[in-house]
Peer 1: 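Right, I'll just put the structure down here and ask away after.
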Amino acid sequence: MRGRPGPLALLAVAAMLSLAACDGGSDQPSAPEVAGPAAPRAAAFRVVYRIDDTAGPEAQVATDVLQVAHPWNSRLEHREGPPPGGAVLSSTVLNQRFTFNTAQGSTGFATRRIPGGLASAPSPEVLEAAAAVGLVDRMGESTVAAEACTRWAYRSVNKVLAKPTAEEAVEACITSDGIPLREAITLRGKLVRVAEAVQVDRNPPVTADTFQSEVDPGNDGGPALLESDQLVTEGRQTGKDIVKLAVPKGFRASRQVTVNRQPGPGAPPVALYVQGFEAGSDLIATEQITTPGNPPWPADEGQAVELGEKRRGRIVYRTGWAEVRVTVDGKAVRVTASRPVLALAVARTLTV
């Protein structure tokens, strides 16, 4: 890796190109220009894993099958027995609009999904950036299922990245194009689960059933649609109360929704305006709080970052994306992207 520009150098790239209007106002900010990825992520992949579960009194062996099609779709099946696996015991399927959860013997249920990254698809650029500021450990190179991968260690799965401890740790091996090949989880000082790839396919077949793309939840015998604590309404919002932003050239607005959420019993409802922009395998999502009060994310998480125009924000890293959290004239906004450089570039364009 020596002699190559590091992730922090890429984070500073922001210039101006043609106009990219992303909301309903005039005087739009100019579209930022960002460097392309050092190594493009795999647009799609399918991995079969052997699962060794030692959390209980007896060790168990099972199979997980993960299929991803960036930037929206994923399918994770948990199967009985060692690879290739038998009956599907449970599955989770994500597409652009819905998340489907099923278990053996039931029709399952669906929830509406808002624009955001895939927790099952790690981002090498995020891990590199997090390692550069001391939040994860880079453990060297390895080979799994005849694939070269980089070993990373951090504290928890799908949480804000932090250093591993003896009590809680994840060691993952991930290819340069973002395919997870191995994950070993330690909880309370004990190794409780190891998932290791036995088969990798970068061009898996896809049908309408793979990501349930033609299923209408709650209708025609489909799975029940649950909306108990979050109501999602499709459609673009405009007006002076909506923060203006611009995205890099090549991105297009693919989904815009209003989310009304009940954080908890007795808590005031929270409304968010969420936009999704995609280009190839990259996804940028912006969330703006449109109701009074504090945003539904901790104010002290992450690390301070300069955004220009005397504005500061905080950047937070997860395995699959980076979040830049900022307040613009009293309006709380979160910009999420599969590459940190994208989140920072868009955050710098925010204006009212």
Peer 1: Could you tell me whether the side chain of Gln96 reaches within less than 4.5 Å of the side chain of Ser254, counting heavy atoms only?
Peer 2: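 Sidechains of Gln96 and Ser254: in contact.
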Peer 1: Do Val352 and Val247 sit in the same hydrophobic cluster, where Ile, Leu, Val, Met, Phe, Trp and Tyr count as joined when their side-chain heavy atoms come under 4.5 Å apart?
Peer 2: yes
Peer 1: Side chains of Thr319 and Ile174, heavy atoms from C-beta outward: is any pair under 4.5 Å?
Peer 2: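 Not touching, per the 4.5 Å side-chain cut-off.
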Peer 1: Looking at every heavy atom in both Pro340 and Ala322, which two are closest together, and how far apart are they?
Peer 2: CA-CB, 3.9 Å
Peer 1: Quick one: does Gln67's side chain have a donor or acceptor within less than 3.5 Å of a partner on Pro205's backbone?
Peer 2: yes
Peer 1: If you count heavy atoms of other groups shown closer than 6.0 angstrom to NZ of Lys190, is the number above 12?
Peer 2: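 Correct, the count exceeds 12.
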Peer 1: Indicate yes or no for a side-chain donor-acceptor contact from Arg261 to the backbone of Leu272 under 3.5 Å, with no hydrogens or angles considered.
Peer 2: no
Peer 1: Quick check: closest heavy atoms across Leu191 and Thr54, and the distance to 0.1 Å?
Peer 2: O-OG1, 2.6 Å
Peer 1: When clusters are formed by joining ILVMFWY residues with side-chain heavy atoms under 4.5 Å apart, either directly or through shared neighbours, do Ile315 and Val126 land in the same one?
Peer 2: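 Result: yes, single cluster for both.
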Peer 1: Is there side-chain contact between Thr290 and Asp241, with at least one heavy-atom pair below 4.5 Å?
Peer 2: no
Peer 1: Between Glu147 and Thr175, is the side-chain hydrogen bond (donor to acceptor under 3.5 Å, both in side chains) condition met? List the steps.
Peer 2: CA-CA 7 Å; Glu147 296 270 352; Thr175 66; 5.9 Å; no
Peer 1: Check Arg348 with Glu309, please: is the shortest side-chain N to carboxylate O separation under 4.0 Å?
Peer 2: no
Peer 1: Can Leu161 and Leu127 be said to form a side chain to side chain contact (heavy atoms under 4.5 Å, CB included), step by step?
Peer 2: CA-CA 9 Å; Leu161 289 175; Leu127 290 165; 4.1 Å; yes
Peer 1: Roughly how far apart are Ile51 CD1 and Arg79 CZ, rounded to 0.5 Å?
Peer 2: 12.0 Å
Peer 1: Begin with the C-alpha distance, continue with both residues' side-chain angles, and end with the deciding distance and a verdict on side chain to side chain contact (heavy atoms under 4.5 Å, CB included) for Val328 and Arg311.
Peer 2: CA-CA 8 Å; Val328 184; Arg311 182 188 300 162; 3.8 Å; yes
Peer 1: For Pro122, does its backbone N or O pair with a side-chain atom of Arg41 as donor and acceptor, under 3.5 Å?
Peer 2: yes
Peer 1: So which atom in Pro83 and which in Ala62 form the shortest heavy-atom distance, rounded to 0.1 Å?
Peer 2: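 Taking every non-hydrogen atom into account, CD-O, 4.3 Å.
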Peer 1: Quick check for you: to the nearest 0.5 Å, what is the distance between Asn203 atom CG and Arg46 atom CZ?
Peer 2: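 The distance works out to 12.5 Å.
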Peer 1: If you measure from OG1 on Thr165 to CZ on Arg155, what distance do you get to the nearest 0.5 Å?
Peer 2: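 The OG1 atom of Thr165 sits 5.5 Å away from the CZ atom of Arg155.
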Peer 1: Find out whether Lys331 and Ile242 are in side-chain contact, i.e. whether some heavy atom of one side chain is under 4.5 Å from a heavy atom of the other.
Peer 2: no
Peer 1: Taking Arg113 for the side chain and Trp72 for the main chain, is one N or O donor matched with an acceptor at less than 3.5 Å?
Peer 2: yes
Peer 1: Considering only NZ, NE, NH1 and NH2 on the basic side and carboxylate oxygens on the acidic side, decide whether Glu278 and Arg255 come within less than 4.0 Å.
Peer 2: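 Looking at Glu278 and Arg255, the cut-off is not met.
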Peer 1: Locate the shortest heavy-atom distance separating Asp177 from Pro124; write the atom from each residue and the value.
Peer 2: C-CG, 4.5 Å
Peer 1: Are any side-chain N or O atoms of Arg325 and backbone N or O atoms of Gly302, one a donor and one an acceptor, separated by less than 3.5 Å?
Peer 2: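 Not at all, since once roles are kept as given, no pair shorter than 3.5 Å links the two residues.
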Peer 1: Please check if the number of heavy atoms outside Lys163 that lie under 6.0 Å from its NZ is greater than 12.
Peer 2: yes
Peer 1: Would you name the heavy atoms of Pro180 and Leu66 that are closest together and state the gap between them?
Peer 2: CG-CD2, 4.2 Å
Peer 1: Do side-chain atoms of Gln288 reach the backbone of Val243 as a donor and acceptor pair under 3.5 angstrom?
Peer 2: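 Yes, the answer is positive, given that a donor and an acceptor are paired below the 3.5 Å cut-off.
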Peer 1: Which distance, rounded to the nearest 0.5 Å, do you find between the CD of Glu33 and the NZ of Lys249?
Peer 2: 9.0 Å
Peer 1: Give the C-alpha distance, both sets of side-chain angles, the deciding distance and a yes or no for side chain to side chain contact (heavy atoms under 4.5 Å, CB included) between Lys159 and Tyr154.
Peer 2: CA-CA 10 Å; Lys159 294 183 179 180; Tyr154 42 88; over 6 Å; no
Peer 1: Can you confirm whether Asn101 sits close enough to Thr99 that some side-chain heavy atom of one is under 4.5 Å from a side-chain heavy atom of the other?
Peer 2: yes
Peer 1: I want to check something: taking the side chain as every heavy atom from C-beta on, are Ile289 and Trp297 in contact at a cut-off of under 4.5 Å?
Peer 2: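 Yes, their side chains come closer than 4.5 Å.
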Peer 1: Using the rule given for salt bridge (Lys or Arg N to Asp or Glu O under 4.0 Å), can you reason through Arg312 versus Glu306, listing the C-alpha separation, both sets of side-chain angles and the distance that settles it, and then say yes or no?
Peer 2: CA-CA 5 Å; Arg312 303 187 79 195; Glu306 297 290 340; 2.9 Å; yes
Peer 1: Could you grab the distance from atom OG of Ser338 to atom CG of Asp282, nearest 0.5 Å is fine?
Peer 2: 4.0 Å
Peer 1: Going hydrophobic residue to hydrophobic residue with side-chain gaps under 4.5 angstrom, can you get from Phe251 over to Leu350?
Peer 2: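 As far as the 4.5 Å side-chain criterion goes, Leu350 and Phe251 are connected within one cluster.
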Peer 1: So does Arg314 pair up with Glu301, basic N to acidic O under 4.0 Å?
Peer 2: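 Result for this pair is no, no salt bridge flagged.
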Peer 1: Check the pair Thr258 / Gln237 against side-chain hydrogen bond (donor to acceptor under 3.5 Å, both in side chains), numbers first and verdict last.
Peer 2: CA-CA 8 Å; Thr258 298; Gln237 282 196 37; 2.7 Å; yes
Peer 1: Hey, any chance Phe98 and Val232 share a hydrophobic cluster, counting ILVMFWY side chains that come within less than 4.5 Å of each other, even indirectly?
Peer 2: no
Peer 1: Quick one: does any side-chain atom of Asp53 pair with a main-chain N or O of Ala55 as donor and acceptor, under 3.5 Å?
Peer 2: yes
Peer 1: I'd like to know if the side chain of Ser90 reaches the main chain of His78, judged simply by a donor and an acceptor atom lying under 3.5 Å from each other, with no hydrogens or angles considered.
Peer 2: no
Peer 1: Kindly compute the distance separating CZ (Arg50) from CG (Asp64), expressed to the nearest 0.5 Å.
Peer 2: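 Nearest 0.5 Å value for the CZ-CG distance: 12.5 Å.
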Peer 1: Looking at His70, is its backbone amide N or carbonyl O close enough to the side chain of Ser281 to form a donor-acceptor pair, meaning the two atoms are under 3.5 Å apart?
Peer 2: no
Peer 1: Find out whether Gln230 and Arg112 are in side-chain contact, i.e. whether some heavy atom of one side chain is under 4.5 Å from a heavy atom of the other.
Peer 2: no
Peer 1: Identify whether Leu76 and Leu94 are in the same connected component of the hydrophobic contact network (ILVMFWY, side-chain heavy atoms under 4.5 Å).
Peer 2: yes
Peer 1: Would the distance check show the side chain of Arg182 and the main-chain N or O of Val194 forming a donor-acceptor pair, the cut-off being under 3.5 Å?
Peer 2: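 No, the answer is negative, given that no donor and acceptor are paired below the 3.5 Å cut-off.
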Peer 1: Taking atom CD of Glu141 as the centre, report whether more than 12 heavy atoms of other residues, nucleotides or ligands fall under 6.0 Å from it.
Peer 2: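 Count over threshold, so yes.
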Peer 1: Please determine which of Arg151, Arg193, Arg138 meets the salt bridge (charged side-chain N to carboxylate O under 4.0 Å, His left out) test together with Glu171.
Peer 2: Arg151
Peer 1: When you look at Arg236 and Gln275, which way does the side chain to side chain contact (heavy atoms under 4.5 Å, CB included) test go after all the steps?
Peer 2: CA-CA 8 Å; Arg236 181 182 180 187; Gln275 302 180 81; 5.7 Å; no
Peer 1: Compare every heavy atom of Val335 with every heavy atom of Ala343, then report the nearest pair and how far apart it is.
Peer 2: O-CG1, 3.7 Å
Peer 1: Any side-chain heavy-atom pair from Glu287 and Val259 closer than 4.5 angstrom?
Peer 2: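 They are not in contact (no side-chain heavy atoms under 4.5 Å apart), so the answer is no.
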